[in-house]
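For reference, the structure discussed in these notes is given below.
We name chains A, B, ... by the order of the sequence lines, and we start the count at 1 in each one.
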Amino acid sequence: MRAAELDLDLDVFAGPFDLLMAVVLREEVSLAEISLGEIVVAYLEHLEGAGELDLDAATEFLLLIASLLELKSRLLLPSAEEGPAELGPAEAADELLARMLEYRRYRDAAAHLDRLFGSGRRYVYRSAPLPPELRRASLDAATQAYDPLRLGVALGDLLRVPPEPDTSHIRPTVSLERRLAILRELLTDRRSFDFDDLFAGDDRLTQAVTLFALLEMHKRGEASWEQRKLFGPIQVTTSASPEGR
Amino acid sequence: MTTELQRTVEALLFLAPEPVSVTELAEACEVTEAEVDRAVDALEAVLRDGERGLVLRHVAGGYALAADPVAEDAARRLLSRPRTPPLTQAQAETLAIVSYLQPVSRPEIARIRGVSSESAVATLGERGLIEESGRSRFGAVVYRTTPLFEKLFGISGLDELPDPSRFDPTPEDERELRERLLRAGEQRSS
Amino acid sequence: MTTELQRTVEALLFLAPEPVSVTELAEACEVTEAEVDRAVDALEAVLRDGERGLVLRHVAGGYALAADPVAEDAARRLLSRPRTPPLTQAQAETLAIVSYLQPVSRPEIARIRGVSSESAVATLGERGLIEESGRSRFGAVVYRTTPLFEKLFGISGLDELPDPSRFDPTPEDERELRERLLRAGEQRSS
């Protein structure tokens, strides 16, 4: 089965995967509302049911889901402090399409190579040692062809220990469960808070996962939020009655 | 009349383990490259008339003799040489990326394919189709195709590979792709 | 008219590294020995008229194709000299490891380089720059450089290899060269 045909039954969408891609590209459904985890689970269940792994289909699925993840993370993360301008949903969708087309280009080039190989391997070449009289490649005829310094340089390359890897882009794992717990605790204590007051100091990943957790709570009706103007403060409020749940 | 040069060229290509360039043939025969060109053309014409068991192949920047495919099955029986296994999809895609973008690193291949391509790269290396060609400035090994790749794929050089833009979908196809998705969406919502 | 069988027999004799008997040819072509005899006779007649660069030899055990002696001098010029194409980075690194650490095993080379180095080792062996020199105490084949290596690098002994400290990025490190190379390799691949 092609990944595109994977049948999905999500909170905000039911239908085949390729249709989901279509409505996302048309921006009819916000990617923010779609649980990509559920799609992965659906696919894994399908794999389990099918009992065998179709590598092409799995590759296609991974490519699509990875593109969606990247797109979604762009949509969710607060705009970068510096660096390239944030992509709008339309540009992001275009980039997704461009990524898929780039892959397609090499997939088709691969098919071409496969045809070349198919005709090329019908020709068998000779593989035989040289006759003895030619094999005595006379040592005497050999003259210097290489510079010994090349060996010294290569040795120096091999002695070089790589600099400490730059780990600034690796962030600690942030657990969604943990963020949910923190939010629930906060909302029990205060009933309402300003998102930036509490989380502006966190790194981007923590902020994003916290936002995810908030989305999850919104979906479950545990919390709501309000943002009066673009980039303005986000006020988060519990949906529970004062008596608690 | 077959010239002595033509006979010598045939004998050299018979002996040489790898494709031999016109320059190397000219040096070995102590003649000009133009003379070699003529001798090669004549040899090719003789072999091409279908009366012979050998064919002349212009591969990997040189010339090589190969058995005529008519003898393929008998040759495999005689030499008990198994047929080269076909490329898997992962290998073919990886090879396509290396052949067009070389030198190219494994992370770059993985980025384009969307999946880690470690085992495809390793297998292509073992099959002698790609090789390391140095390291990128970040220390990652970069890869390129080998002369064996050109020999087995029957091309005389990388410039014989078609322009990759040839594989791009036409604007119509691209539009069609979008529209097909959009139509599916409309059917769904109606 | 050349028959397909005659073409196939020519192709088989071309491919076979050793003389092939009539029985083997008959089995490979799935015909009778009498048919092979006729095809070989016809092939012999074609090759004998001096128009070709190959000759048919009838030797103990069967038939073999050989290069026409007319090509002898040219063949020596083409094939009897060491092949010295530029070294790839993988080959240079492998050769540096073998020349400075010899005897050294392939697993050690791979650990130092951080990548499997099979094809580099094989190529250096084919070109006569390195050779096997026994086995390590763990049973792995170990390699050393050859007299041809010294000739091609213009040195008359391993003590004429450039002093490693000239290229050492951290010459203050006084540990043994082998240990340092292994550690650097492990750090690179981790």
*Residue, of Ala66(B), Gly125(B), Gly128(B), Ala122(B), that accumulates the most heavy atom pairs under 4.5 Å with chain C*: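 Top option by heavy-atom pairs under 4.5 Å: Ala66(B).
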_CZ/Arg183(C): more than 12 non-hydrogen atoms of other groups inside 6.0 Å_ =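 Count not over threshold, so no.
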*Within a radius of less than 6.0 Å around CZ of Arg57(C), do more than 12 heavy atoms belonging to other residues, nucleotides or ligands occur?*
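No, the 6.0 Å shell around CZ holds no more than 12 heavy atoms from other groups.
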*Would Asp68(B) and Arg52(B) pass as an ion pair if we require N to O under 4.0 Å?*
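The answer is no: the pair does not qualify as a salt bridge.
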_Lys/Arg N to Asp/Glu carboxylate O, Glu72(C) vs Arg76(C), below 4.0 Å_ =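 Salt bridge: yes.
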*Yes or no on side-chain contact (heavy atoms from CB on, under 4.5 Å) for Glu30(C) and Arg77(B), after CA distance, side-chain angles and deciding distance?*
CA-CA 10 Å; Glu30(C) 297 180 329; Arg77(B) 282 191 291 270; 3.6 Å; yes
*For Leu78(B), is it the side chain, the backbone, both or neither that has a heavy atom under 4.5 Å from a heavy atom of chain C?*
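Both parts, backbone and side chain.
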*Answer with side chain, backbone, both or neither: which region of Val141(B) has an atom nearer than 4.5 Å to a non-hydrogen atom of chain C?*
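Just its side chain gets close to chain C.
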*Would you check if the side chain of Thr3(C) reaches a backbone N or O of Gln6(C) as a donor-acceptor pair within less than 3.5 Å?*
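Pair found, side chain donor or acceptor close to backbone of Gln6(C).
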With a cut-off of 3.5 Å and sequence neighbours excluded, list every side-chain donor-acceptor pair involving residues 35-42 of chain C.
residue: Glu35(C); atom: OE1; partner: Thr32(C); partner atom: N; Å: 3.0
residue: Glu35(C); atom: OE1; partner: Thr32(C); partner atom: OG1; Å: 3.1

*Quick one: which residues of residues 85-94 of chain C reach chain B at under 4.5 angstrom, heavy atoms only?*
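Those residues of residues 85-94 of chain C which have a heavy atom under 4.5 Å from chain B are Thr88(C), Gln89(C), Ala90(C), Glu93(C).
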*Looking only at heavy atoms, which of residues 8-21 of chain C get nearer than 4.5 Å to chain B?*
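Heavy-atom contacts from residues 8-21 of chain C to chain B are Thr8(C), Glu10(C), Ala11(C), Leu12(C), Phe14(C), Leu15(C), Ala16(C), Pro17(C), Val20(C).
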*Sequence neighbours excluded - salt bridge (Lys or Arg N to Asp or Glu O under 4.0 Å) pairs with any residue from residues 118-135 of chain C*: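 Qualifying pairs: Glu131(C)-Arg144(C).
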*Test Leu95(C) against Leu129(C) for side-chain contact (heavy atoms from CB on, under 4.5 Å), laying out the working first.*
CA-CA 8 Å; Leu95(C) 197 53; Leu129(C) 290 165; 4.2 Å; yes
_Using the rule given for side-chain contact (heavy atoms from CB on, under 4.5 Å), can you reason through Arg48(B) versus Val55(B), listing the C-alpha separation, both sets of side-chain angles and the distance that settles it, and then say yes or no?_
CA-CA 7 Å; Arg48(B) 201 172 31 208; Val55(B) 292; over 6 Å; no
*Relative to chain B, which segment of Leu43(C) carries a heavy atom at a distance below 4.5 Å: side chain, backbone, both, or neither?*
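Neither part; nothing is under 4.5 Å.
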*Passes side-chain contact (heavy atoms from CB on, under 4.5 Å), Arg111(C) versus Leu181(C)? Steps please.*
CA-CA 9 Å; Arg111(C) 268 170 72 200; Leu181(C) 284 168; over 6 Å; no
